[in-house]
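Hydrogens, waters and symmetry mates play no part in the numbers below; they use all other heavy atoms, side chains included. Lettering of chains follows the sequences in order, A, B, ..., and the numbering in each one begins at 1. Values in this document were obtained by computation on a predicted structure and should not be read as measured data.
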Amino acid sequence: MSEEVDQIVQRRNKLAMLRESSSPFPNDFRRTAFAGDLQSQHADTGFSEGQDPIRVKVSGRLMSRRLMGKASFSHIQDATGQVQLFLQKNQLGEAEYEQFRDYDVGDIVGAEGELFRTRTGELTVRVEQIRLLTKALRPLPEKFHGLTDPETRYRQRYLDLVMNEGTRSVFHARAAIIQHIREFMISHRYLEVETPMMHPIPGGAVARPFITHHNALDMDLYLRVAPELYLKKLVVGGFERVFEINRNFRNEGMSTRHNPEFTMMEFYCAYADYNDFIDLTQELVKSLCQSVAGSEQLAYQGTEIDFSGSFERYGMIESILKFNPDISRNMLHDEQAIRELADHLKIQVGPKDGLGKVQMEIFEKHVEHKLIKPTFITGYPVEVSPLSRRNDEQPEISDRFEFFVAGREIANGFSELNDAEDQAGRFQDQMGKKEAGDQEAMHFDADYICALEHGLPPTAGEGIGIDRLVMILTDSPSIRDVVLFPHMRHQQPPAE
RNA sequence: GGGGUGUUAGCUCAGUAGGCAGAGCAGCUGACUUUUAAUCAGCGGGUCACAGGUUCGAUCCCUGUACACCCCA
């Protein structure tokens, strides 16, 4: 019999004993204080003799035990932090003290007593009563090194959360970031909405969808790759400023910056253009830096990133030239030359791909990862922007921008294409690409065209990748570090 | 999809020119009324990821598979 099983068997035996004497999973303990609150409230309390004693009831997970004969110390951890318990045989009584000695690290307990300070000055509860509230049958990871194995941290995130303060703080930060964004949008008069996650036709982004099936209707549905088309239908309907924070699903590879489901905020504003959203994005990002980090200087994975002042801004072509001195402007604008260049750069180009598509490929491969400072890129080709408004001066480019930090695309926004006939033509173009084998190309969405034909006001739209933003703001190297339960390959469940 | 690295006790990690598998923590027994990685004495705990191959003998060498991490596409 392995020791792992031994430890579980011992705990099961203890639980069996508890079942005989009482209900082992009581739910009538009510705490009066949180550990972290006590620490901050009593940071300067002296607990001198004459003072009125402060009685508290605390509960949480037993994280350590130091048994010394007739007295013991222990730490419990709740949602706010840890506090030390001091247990004495003559205070608890023989029976209760012996019961405590049977508790295991990992058990959930409730304790009541008076606050005091130990010789070393640590705030401590002098326990008068303690109860086991939940027996833990499996041992926790080791107390000193904690849990470091990345696979276990992701698959059993609860253990990571119990053991690692850093993990807890990342997800607290994530919640604060999303709350901040939501309040920012509401304060700018945006209405929060929820649109379908299951789409009859996948649309709104160039991406491969997941397919599911509705039994009663006997029809295939697609998990959404973006909420874009529905949100713009709401603008047609007169909700002139809307936003949605929710999951998108893309059936693509996984990496440190891609999870099959990821969180995006999309938002639309009538009577605004992409330049307005560049300004709005900068304002939002700066305010997030201040609210999360308290500074516009952030360190990301050892690189200082400066969010102060106005963010950098280049045209896409200019950025290619700036970061790749070997490439000339003429090469990027000549069909023949750019294909040779792409070949030289080992970029695969499809036979139906035009100038714009190849420019985009070169940009993605040879510029994106170099955009470390917060940077807006504009001037994207219409060919790769099937939902964007055409630029008035240069019809081959769109009124679109993307926002990059630390070499990562964080946001994508544009003046919306509200010309229904142009949009129908762009969908036709996408269908041509799909027939040529491009699995990411869009479908023709007649419903959406119909909505546009009713009149979409001039509108700006944008999507912000929340996970990537959280990565940068929390200095996390992988998207798995900012998603509570990242997608993992199937694995055998933990054996007993 | 390609390349690299890894998988040894519940956890964190050693290790073996190829010859009975190691530590710390956790666990168990005992001592201990201000400890905090408590301490002291003793004890138990392993399909060395999985499947093949080479070998007298494989945790170690070879091949494949699974899972994970990193890099590239």
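- Using a 4.5 Å heavy-atom cutoff, the side chains of A:I479 and A:V483 are in contact.
- Comparing A:T148 and A:L67 against RNA chain B, the residue whose closest nucleotide sits nearer the 5' end is A:T148.
- The aromatic rings of A:Y222 and A:H443 sit tilted, their planes meeting at an angle between 30° and 60°.
- Put simply, A:R155 has a side-chain N or O that comes within less than 4.0 Å of OP1 or OP2 on B:A68.
- A donor-acceptor contact under 3.5 Å links the side chain of A:Q7 to the base of B:A26.
- In this structure, A:Y103 and A:N90 both approach RNA chain B, and ranking their closest nucleotides by distance from the 5' end singles out A:Y103.
- To the nearest whole angstrom, the two P atoms, one in B:C28 and one in B:A66, are 40 Å apart.
- Whole-Å rounding puts the A:M63 CE to B:A37 C1' distance at 13 Å.
- Ring planes of A:Y97 and A:F100: tilted class, angle from 30 to 60°.
- Using modelled atom types, one finds no donor on one side chain facing an acceptor on the other under 3.5 Å when comparing A:E312 with A:T375.
- The partner of B:G64 is B:C50, judged by Watson-Crick or G-U wobble contacts that both fall below 3.5 Å.
- Straight-line distance from the CD1 atom of A:I347 to the P atom of B:A73: 10 Å, rounded to whole Å.
- In this structure, CD of A:E96 is placed 19 Å from P of B:U33, rounded to the nearest angstrom.
- Within 4.0 Å (heavy atoms only), A:T256 reaches sugar-phosphate atoms of the nucleic acid but no base atom.
- Rounded to the nearest Å, the gap between the C1' atom of B:G4 and that of B:A14 is 23 Å.
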